[in-house]
K.L.:
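Have a look at this one before I ask anything.
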2 protein chains.
Amino acid sequence: MASSAQRAGGADKRRMILDAAVVAFATRGFHACRVSDIADQANVAYGLVYHYFRSKDEVLDTLFLERWNVLLEVIAEIDGHPLPAREKLHAIASFIIDSYRHDPDLMKVIIVEVTRAANSFGRTHLAKIREAYELIADIVGKAQADGSFRSEVTPTFAALAFYGAIEQVLTGWIFDTLPQGEAEFDQAKAFIVETICGGLDANRPSTRPV
Amino acid sequence: MASSAQRAGGADKRRMILDAAVVAFATRGFHACRVSDIADQANVAYGLVYHYFRSKDEVLDTLFLERWNVLLEVIAEIDGHPLPAREKLHAIASFIIDSYRHDPDLMKVIIVEVTRAANSFGRTHLAKIREAYELIADIVGKAQADGSFRSEVTPTFAALAFYGAIEQVLTGWIFDTLPQGEAEFDQAKAFIVETICGGLDANRPSTRPV
DNA sequence: ATTTGCGTTGACTGACCAGTCAATCCGCCC
DNA sequence: GGGCGGATTGACTGGTCAGTCAACGCAAAT
């Protein structure tokens with residue numbers, strides 16, 4: 001009963017179902033994915049899914065909340081460090097992109113089925129999603145207050161633009177519209193931050209003075 | 001038979017169905033919306049929808065393509081004018097945001113059900129959607145070539161960031177996460193362009209020298 | 001050895017809905 | 001005024017699944 005899950009024993013069937021759901025949702029999409037697909041993928045009987053979860057929705061719910069709460073904690077923690085705002089944003093972009101690098105299926109599900117699906121499903125989680133924007137907006141707001149960011153733009157809009165850029169890039173990878181790979185991941189982090197913080201216009205120092 | 005649709009006569013039932021579908025899709029979402037909802041909304045018999053369209057999908061298809069093609073033409077046309085890149089981007093943001101202002105339901109459907117639904121539905125239209133990114137990337141690329149934009153960032157990423165920011169803001173309005181109104185619409189155009197072109201970092205002229 | 005009860009199974013049900021189709025309507029032409 | 005053909009109608013069918021539930025397995029408790 002201990003830890004290493006002898007065979008597939010009494011251990012965490014619940015976890016197995018969640019992991020299977022990630023694969024199933026990522027492969028067929030939440031709507032097209034039948035509960036039996038999850039059960040098959042988990043090597044578990046159909047009914048067991050309903051032993052651990054009230055509904056198919058609750059499975060997705062659980063996956064999303066598990067991960068999104070981590071994101072919120074990480075952002076808060078990054079903000080706690082005494083870093084320049086630009087580096088905080090880089091750290092956030094890094095975390096999100098590395099999340100995708102580490103578990104593309106999970107990120108695909110979260111983004112495609114929740115974050116970008118504010119209709120059908122994500123509606124329930126709008127508030128939770130918004131928390132992330134607000135944490136980012138906070139970072140921008142404080143940077144504006146201390147003068148390291150300009151104040152031409154509302155923190156809210158800056159946060160939306162920043163997060164929107166990240167999501168758009170992830171979506172590109174998810175649907176193979178954009179080449180991906182180790183190099184691209186790190187490049188993307190830098191480009192996103194550079195676009196949002198440095199801007200595209202030419203009249204400015206190409207590198208910030210130290 | 002002529003033009004002004006005597007009663008609801010022989011005129012464009014097809015158009016009526018499309019318009020009804022916009023309302024139905026916007027209200028209940030594509031998946032939750034039944035074909036009978038469209039027919040009811042259009043005051044038309046169920047079967048007539050299938051007289052004009054092969055499937056429910058084709059209705060959404062049609063709505064999307066009609067509008068997206070306009071967008072592509074407009075972007076191309078804007079690019080044709082001899083404007084600074086920054087103003088081209090502003091014009092594009094304006095067009096998209098004004099599209100929302102003019103017909104929020106249609107934009108909601110296009111964004112929520114197609115553009116942001118690259119899974120279930122939008123997959124068919126990935127290429128079409130990408131065309132828009134590429135047109136924008138072109139604008140950025142040319143501006144980099146003539147020196148008015150810096151070259152730190154790939155045109156592709158810049159385009160993604162720009163479009164992503166717009167979509168994120170629209171999504172905020174669509175789901176009432178962001179206050180909307182005449183003032184907000186124009187403000188948003190300016191903020192998006194200012195974020196992407198001007199950047200957030202402080203060390204630079206707050207206004208570009210003429 | 002027997003009981004107890006959670007974990008597990010998978011066949012089944014009820015609801016839902018996209019798409020079909022045979023019938024009707026109606027404007028127009030001969 | 002008869003009939004042709006596209007427009008229009010809506011009842012019906014077929015298939016799909018989410019969720020239920022009665023039964024079984026099995027480990028620990030007695």
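Proteins get letters first, then strands, A, B, ... in listed order; numbering begins at 1 in each.
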K.L.:
Tell me, which pairs form a salt bridge (charged side-chain N to carboxylate O under 4.0 Å, His left out) where one or both residues lie in residues 131-140 of chain B, sequence neighbours left out?
P.N.:
B/Arg130-B/Glu134

K.L.:
Checking B/Lys108 side chain against B/Ile174 main chain: does a donor-acceptor pair fall under 3.5 Å?
P.N.:
no

K.L.:
Do NZ/NE/NH1/NH2 and the carboxylate oxygens of A/Arg15 and A/Asp19 come within less than 4.0 Å?
P.N.:
yes

K.L.:
Taking only residues two or more places apart in sequence, or in another chain, which ones meet A/Glu73 in a salt bridge (charged side-chain N to carboxylate O under 4.0 Å, His left out)?
P.N.:
none

K.L.:
Take the protein atom CD1 of A/Ile17 and the nucleotide atom P of C/dG7, then report the distance between them rounded to whole Å.
P.N.:
12 Å

K.L.:
Taking salt bridge (charged side-chain N to carboxylate O under 4.0 Å, His left out) as the test, write out the residues that go with B/Asp98, two or more places apart.
P.N.:
B/Arg101, B/Lys189

K.L.:
Would you indicate, yes or no, if D/dG19 has its OP1 or OP2 atom less than 4.0 angstrom from a side-chain nitrogen or oxygen of A/Tyr50?
P.N.:
yes

K.L.:
Within the pair A/Lys13 and C/dT8, is there a side-chain N or O less than 4.0 Å away from OP1 or OP2?
P.N.:
yes

K.L.:
Side-chain N or O of A/His51 less than 4.0 angstrom from OP1 or OP2 on C/dG7?
P.N.:
yes

K.L.:
Hey, are A/Glu113 and A/Lys56 close enough for a salt bridge, meaning a charged N less than 4.0 Å from a carboxylate O?
P.N.:
no

K.L.:
Taking CG from A/Leu48 and C1' from D/dA18, how many angstroms apart are they, rounded to a whole number?
P.N.:
16 Å

K.L.:
Below 3.5 Å, does any donor atom in the side chain of B/Tyr52 face an acceptor in the base of D/dA7, or the other way round?
P.N.:
no

K.L.:
Taking only heavy atoms on the protein side, list every residue of residues 53-65 of chain B lying under 4.0 Å from any atom of DNA chain D, sorted numerically.
P.N.:
none

K.L.:
Give me the residues of residues 23-43 of chain B where at least one heavy atom lies under 4.0 Å from an atom of DNA chain D, by number, or none.
P.N.:
none

K.L.:
Report the residues that fulfil salt bridge (charged side-chain N to carboxylate O under 4.0 Å, His left out) with B/Asp37, sequence neighbours left out, ordered by chain and then residue number.
P.N.:
B/Arg28, B/Arg34

K.L.:
Please check if any side-chain donor atom of B/Asp57 sits under 3.5 Å from a side-chain acceptor atom of B/Ser55, or the reverse.
P.N.:
no

